[in-house]
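What follows is one structure encoded as structure tokens, with my remarks underneath.
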Protein chains: 2
Amino acid sequence: MEETQVKKIPNATAKRLPLYYRNLKFLEELGTCRINSSEFSKLVQVPSATIRKDFSHFGELGRSGYGYEVSYLISVFSQTLNVKEVTKLALVGAGNLGKALLKNNFRRNDDLVITCAFDNNETLSGTTVGEIPIYSMKELTQQIKKRKIGTAISTVPSKYSQNAIDLLVNSGVTAILNFAPGRVKVPKHVHVHYIDLTTELQTLVYFNENM
Amino acid sequence: MEETQVKKIPNATAKRLPLYYRNLKFLEELGTCRINSSEFSKLVQVPSATIRKDFSHFGELGRSGYGYEVSYLISVFSQTLNVKEVTKLALVGAGNLGKALLKNNFRRNDDLVITCAFDNNETLSGTTVGEIPIYSMKELTQQIKKRKIGTAISTVPSKYSQNAIDLLVNSGVTAILNFAPGRVKVPKHVHVHYIDLTTELQTLVYFNENM
DNA sequence: TCTCTTTTGTGATAACGTTCACAAAAAAGA
DNA sequence: TCTTTTTTGTGAACGTTATCACAAAAGAGA
Ligand SMILES: NC(=O)c1ccc[n+]([C@@H]2O[C@H](COP(=O)([O-])OP(=O)(O)OC[C@H]3O[C@@H](n4cnc5c(N)ncnc54)[C@H](O)[C@@H]3O)[C@@H](O)[C@H]2O)c1
Ligand SMILES: NC(=O)c1ccc[n+]([C@@H]2O[C@H](COP(=O)([O-])OP(=O)(O)OC[C@H]3O[C@@H](n4cnc5c(N)ncnc54)[C@H](O)[C@@H]3O)[C@@H](O)[C@H]2O)c1
């Protein structure tokens, strides 16, 4: 190996990166150009020692007795998160939840853009939500390949998510955010993350009652 | 202490409980009355050793060479998750996302019920979504107290979530699921969980590109 | 009843993550 | 320039979570 590869970033750190990034952008908007770990801690609600440890995996980003340059942190993290490149997304299942996501379309994040949607309800196909066209499921493979989309959101009912996701995977999608809780089978190279609102609420209620 | 208290259930286990519970109910619907840890592992996509360790915190729930009785597991976990008691929820911010949640209203989960919603858009107050009435923010405290609600969902824009959540907390709410990513300040006895779709997607994309 | 098979429950261990605490570096002030 | 203050970066300690691996328990079959 020619270059000394950056040490593997721990999982837990990687999961906090988008949070850090978002808050750094917020500080930048405010005109704050310098931040120390304890002030940043108040903003993101992560202990300052954790923040410093996390940052340290990317090199020595700060200066003792001074803190961190906001713009420099942004430049480092935006590289890791690859936010310069726009990630084009597809959405399957333009129902209530799906349409809410389409209307919002990560307005405040220019690195994530839903560019097309699909639904098996034929009365929806040909319509648009905002700028986003809704296609029939028959057009899915063709559109996804044409648009070179690798990431998708599924908001179809649980019962049909295996089907919808098979179709996505066969069209070349390798990362899926699934709002239906039922676990789906996918090849090893495909990543599925679940957002399960019921679980989230039950966990919240549990921790609220037991702690 | 009179009774020997059940040993503290590890955090990681508690977070998986709703997943286990949901899938056990699914098996029950299918008429499956017996399951072993390796079959259950396939269903929930959690390693069988983890499942057995998790279960073991609740006592000896299974039988060697046989597995677990689905109905018995359900009875044990439903107690811990307190699903017999209905948790009444309020929702603030009946916009696109809020209305999608109201329309769905955890249809498949009879232990979670959104019973009222609030919005500062006066044209919404007096209307209903499904059976759920939308009130103006002025009525929030009165309604939440009257209905004895302790848990709420916030789908107001980030900018206003501190305000909305202050109002909820002052009305007696102690657990909040917040869809706006900006961290809010609350008293120590109040629990706030965040669902941050942007972070979720960026993390998914990151893991997809780096693993 | 006896044997073989299945599967649990759990100590032990390894991997991962958080937090502490402080030397060293840099900034700020005198 | 010298002293004081601030704040980083990081080993080390600690705590939690995941995984292994197997004895013991129970079931199934003959
Ligand atoms: N809306 C919520 O509050 C909420 C909460 C938690 C979980 N969810 C989950 O999100 C999913 C969607 O929820 P929703 O409220 O938007 O439901 P919805 O019924 O409003 O929307 C589902 C959409 O998927 C489409 N669809 C159905 N089968 C399809 C298929 N095979 N291929 C393509 N499209 C298909 C339907 O035409 C419909 O437009 C569900 O799995 C639900 O469990 C929703
Ligand atoms: N919809 C999405 O796809 C999506 C995705 C990620 C995050 N979010 C977050 O969820 C939140 C809501 O999103 P949305 O798409 O439903 O937005 P929206 O604008 O459709 O809805 C917001 C609702 O909140 C109400 N509101 C505004 N200020 C209020 C206040 N002070 N008190 C009470 N109600 C108030 C508005 O009247 C409106 O009805 C935002 O914070 C957004 O960042 C949404």
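Residue numbers begin at 1 in each chain, while the letters A, B, ... track the order of the sequences.
- The number of heavy-atom neighbours closer than 6.0 Å to OH of A/Tyr72, taken from other residues, nucleotides and ligands shown, is 12 or below.
- Between the P atom of D/dA26 and the CD atom of B/Glu69 lies a distance of 15 Å, rounded to the nearest Å.
- Heavy atoms from other residues, nucleotides or ligands lying under 6.0 Å from CZ of A/Phe207 number more than 12.
- Residue A/Ser37 is classed as a sugar-phosphate contact, given heavy-atom separations below 4.0 Å to backbone atoms only.
- The distance from atom CZ of A/Phe58 to atom P of D/dT10 is 14 Å, rounded to the nearest whole Å.
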Go along nucleotides 17-30 of chain C 5' to 3' and tag each nucleotide: B for a protein heavy atom under 4.0 Å from its base, S when only backbone or sugar atoms are that close, - otherwise.
-> SSB-B---BSSS--
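- Taking the six-membered ring for Trp and thresholds of 30 and 60 degrees, B/Phe55 and B/Tyr20 have ring planes more than 60 degrees apart, a perpendicular arrangement.
- What separates CZ of A/Phe55 from P of D/dT8 is a distance of 9 Å, to the nearest Å.
- In this structure, A/Phe77 and A/Phe58 have perpendicular ring planes: the angle between them is above 60°, well past the 30° mark.
- Side chain of A/Lys103 to main chain of B/Asn96: no donor-acceptor pair is present (N/O by atom type, distance under 3.5 Å, no hydrogens or angles).
- Using a 4.0 Å heavy-atom cutoff across all strands shown, A/Tyr68 reaches sugar-phosphate atoms only and no base atom.
- Atom C1' of nucleotide C/dT8 and atom NE2 of B/His57 are separated by 15 Å, given to the nearest angstrom.
- When each of A/Thr151, A/Thr115, A/Val113, A/Asp111 is tested with A/Thr87 by the rule side chain to side chain contact (heavy atoms under 4.5 Å, CB included), just one qualifies, namely A/Thr151.
- To the nearest angstrom, P of D/dT19 lies 11 Å from CD1 of B/Ile51.
- The nearest whole Å value for the distance from the CG atom in A/Asn36 to the P atom in D/dT6 is 11 Å.
- Residue B/Glu60 contributes atom CD, which lies 13 Å from atom C1' of C/dT7 at whole-angstrom precision.
- The nearest whole Å value for the distance from the NZ atom in B/Lys15 to the P atom in D/dT17 is 8 Å.
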